[in-house]
Amino acid sequence: MGSPRAALAELLAGNRRFVSGQPIHGHDVTAAAAAASGDQQPYAVLLGCIDSRVPLEAIFDQTFGSICVIRTGGHVLDRAVLGSIEYVVGELGVRLVVVLGHERCGAVASTVDTLRGGRSPGGSLAHLVEQIAPAVTEVGVDDPRVHPLAIRRHVLRTVRALRADALLAAPVAAGRLAVVGALYDLATGEVALLET
Ligand SMILES: [Zn+2]
């Protein structure tokens, strides 16, 4: 199934098609296209935020069967997410994992508010805040640029957590799997890779 590098190049080419307004799959959301996908042979798994402005298949101009998508608030990891990624890598042979953060992420903003002394969220929303909090703390909750910086830091922390996962660490070390971080620009639609 190609190399991690080839998979990343294919994915970024899709984003360029989306940004340029020339998608090749973008309008093909028909039942016929779905049926034509046959057995799935995805080449990447994307972990992104639930934000309604960041539909992953669309912004990478992907079609039925080409990528696996997982979305949680602030792309927070839990066992279900990790198990899903382990499945896609181990059983479907996918060789690229992308963690995609985005500007003006509400989950990160909520975490900043909580750490600044606002009212803590109840229920399971607290889990999201707890998972994002280390990134905010590392940047400094009173830093004037805490929001954009914490978003980037949280992507990097998520990438590192995935690279250290019990079932992912070995293929990463062997070069069979790449885990990369990226950031989506809400204004331009562009995806930029982050140095990890
Ligand atoms: Zn978000």
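This one's a predicted model, so the numbers in the text were calculated from it and none came from an experiment. Indexing begins at 1, ligand by ligand and atom by atom, following the structure's order.
- Remark: side-chain polar atoms of R17 are not paired, donor with acceptor, to backbone N or O of Q22 under 3.5 angstrom.
- No donor-acceptor pair under 3.5 Å is formed between the side chain of D78 and the backbone N or O of L128.
- Inside a sphere of radius 2.8 Å centred on the Zn ion (ligand 1), the protein N/O/S atoms present are C49 SG, H102 NE2, C105 SG.
- Among residues two or more places apart in sequence or in another chain, the side chain to side chain donor-acceptor pair (under 3.5 Å) test is passed with R116 by none.
- Residues passing the ring pair (Phe, Tyr, Trp, His ring centres under 6.0 Å) test with H102, sequence neighbours excluded: none.
- Every pair tested for salt bridge (charged side-chain N to carboxylate O under 4.0 Å, His left out) that includes a residue from residues 166-178 fails, sequence neighbours excluded, so the list is empty.
- Note on ring orientation: taking the six-membered ring where Trp is involved, the planes of F18 and Y184 are tilted (angle from 30° to 60°).
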